[in-house]
Protein chains: 2
Amino acid sequence: MASALESGGKNTGKLSLAGDQNNVDTVNKQGNRANKRRINEAHILQAAESIFAERGYLGATTAAIAEAADLPKANVHYYFGTKKALYQAVLDNILTLWLEPMQDIREDADPATALTAYIREKMRYTRERPSASKVFANELLHGAVHLQNHLETDLKDLVEEKARVLTSWIEKGRIKPVDPVHLFFLIWASTQTYADFDVQIAAVLGKNKIGKKEFSTAEDTIVQMILATCGLVPDNSVLNQDK
Amino acid sequence: MASALESGGKNTGKLSLAGDQNNVDTVNKQGNRANKRRINEAHILQAAESIFAERGYLGATTAAIAEAADLPKANVHYYFGTKKALYQAVLDNILTLWLEPMQDIREDADPATALTAYIREKMRYTRERPSASKVFANELLHGAVHLQNHLETDLKDLVEEKARVLTSWIEKGRIKPVDPVHLFFLIWASTQTYADFDVQIAAVLGKNKIGKKEFSTAEDTIVQMILATCGLVPDNSVLNQDK
DNA sequence: TTATTTCTTGACCAATTGGTCAGGTTTCAT
DNA sequence: ATGAAACCTGACCAATTGGTCAAGAAATAA
């Protein structure tokens, strides 16, 4: 399949950020190219994320993405070349979002505080970016062929680094012994399930969709579970954002 | 789309189970129709589960399923009519498997024993039927349009019944207070993640695939976590099947 | 203004896909 | 043995899909 770069006129090296045309009228009217490009690309990426989440990579059609972005299909191809390249772009954005919250788990932090904050951050992502979570889940579910390198390098390294933090906490008796890597797996599974499998959860709860109250209960239950697993008591300074 | 019944000659009401031809030779040579039908249908269902797991409902092709079943495509359509009907058949089988293990959570059981057994049973399903787990996950991920009724009736009723068991355990002080319904969500998420997102887990563990040892650690970690959440001590009479 | 580059899009195409069907083969009941 | 029912499958078809393209519009640079 063609590479993203052999398509359209994208990436010509120009950086004319508003240039000298930065009076309000011109900018508001999206009078310059770079601006319009940014807006269109963002629209397409957002539409693509939503369609890929709904139907998966193979099930999604560029026509559906174009319609969701309110642009002609040929325009979508002009900006991103191929469906695969567009999917990669969506996926790269998501992976960045996905890795971010882990950074705050540090040796010098308080275990209960850091773990609680990590869970609450993961739940914020679940609430605010359910489509992103679903695209990522779908990619993993079908073998992560568009993500394999990242998993085996970026993700693996990051998890190993953070697992060492947990191990050191265990050695110092700050948390009870528990397999640190598997603890991460279980935090991911627990938080993401509320985005990825929301229909199942909503159905069991007898709701049309998961509401604020249910997200709040979910979040508290997960925190309770992970802290109990580590033999910790709650840190109430890290607030549940749904309350 | 056409209903499954308007296709082929399936379901003619005949029940000629081996009839009077039940000498060994005849049966071994699959000499009778009902037998061959059963075998072919099973092959197709198995192939379909595997292909649907790999590619999702929309991404799967009847040609790929036929090839995996080592049958001509027209034959697959002869047996199951449409792709949708075949998918429904696969899904119905899976839902049965999925609901089964929950039955053993009963009021009169020992909480630690029952919860441990439930987790170990769920992990057995994860290890032995990863494709089934993936098909189910994929269906939920994309809105459960082929499963909605079951979720809102069968599953909801069963979970509510079993949640009442947990509630009664809580009231009697046999386990610590925890939201029973969300506890189920977290057990499902924790156990299924090792099937659905196996590539991610394998990548982080630096393995090609999750091995016996890792499954064993996973299982023990989940049991440890759920029991800690419920304020219970391990019941070592329920053995980890991977050890 | 004018030349150049970038952007836009309707129309089109080759490949794939779910599904059909006719005509032949096998199995079964009588 | 024989007719009927069930089974099998190569060949085919209409619909969908990812992707292309040419011709024009719009923005920018000279």
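Remember, predicted model here, so these are calculated numbers, not experimental data. Chain letters run A, B, ... following the sequence lines, proteins first and then strands; every chain starts at 1.
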- Item | Distance, rounded to the nearest Å, where B:Asn40 contributes CG and D:dC7 contributes P | 10 Å
- Measure from OH on A:Tyr78 to P on D:dG18 and round the result to the nearest Å. 21 Å
- Note on the structure: To the nearest angstrom, the CD-C1' distance between B:Glu41 and D:dC7 comes to 12 Å
- Query: B:Lys73 has an atom NZ; how far is it from atom C1' of D:dC7, in whole Å?
  - Reply: 18 Å
- Check whether the side chain of A:Arg33 and the base of C:dT5 form a donor-acceptor pair under 3.5 Å. yes
- Item | Integer-rounded Å distance: C:dC7 C1' and A:Arg38 CZ | 16 Å
- Message: Using salt bridge (charged side-chain N to carboxylate O under 4.0 Å, His left out), reason through A:Glu41 and A:Arg38 one step at a time and then give a plain yes or no.
- Response: CA-CA 5 Å; A:Glu41 284 181 350; A:Arg38 232 176 299 124; over 6 Å; no
- Item | Rounded distance (Å) that lies between atom P of D:dT17 and atom NE2 of A:His77 | 12 Å
- Query: At under 4.0 Å between heavy atoms, what does B:Ala60 touch on the DNA or RNA strands: base, sugar-phosphate, or nothing?
  - Reply: sugar-phosphate
- Mind checking salt bridge (Lys or Arg N to Asp or Glu O under 4.0 Å) for B:Lys156 and listing every partner two or more places apart, or none if nothing turns up? B:Glu160
- Is the distance from OP1 or OP2 of D:dA6 to the nearest side-chain N or O of B:Arg37 less than 4.0 Å? no
- Hey, does the side-chain of B:Lys83 have a donor or acceptor N/O within less than 3.5 Å of a partner on the base of C:dG19? no
- Task: Return the nearest nucleotide to the side chain of A:Thr82; candidates are D:dG19, D:dC21, C:dG18.
- Result: D:dG19
- Using 30° and 60° as the class limits, which term best fits the ring planes of B:Tyr87 and B:Tyr57: parallel, tilted or perpendicular? tilted
- Item | Nearest-angstrom distance from the residue atom CG of B:Leu86 to P of C:dG18 | 11 Å
- Residue-phosphate contact under 4.0 Å: B:Tyr79 side-chain N/O, D:dC7 OP1/OP2: no
- Give the rounded distance in Å between these two atoms: CD of B:Glu67 and P of C:dT17. 12 Å
- Message: Looking only at the aromatic ring of each residue, does the gap between the centers of B:His182 and A:Tyr194 stay below 6.0 angstrom?
- Response: yes
- Task: I would like to know whether B:Glu67 and B:Lys73 meet salt bridge (charged side-chain N to carboxylate O under 4.0 Å, His left out); could you show each step before the answer?
- Result: CA-CA 8 Å; B:Glu67 199 193 326; B:Lys73 190 182 71 159; over 6 Å; no
- Among C:dG18, C:dT8, D:dG19, find the nucleotide with the atom closest to the side chain of A:Asn75. C:dT8
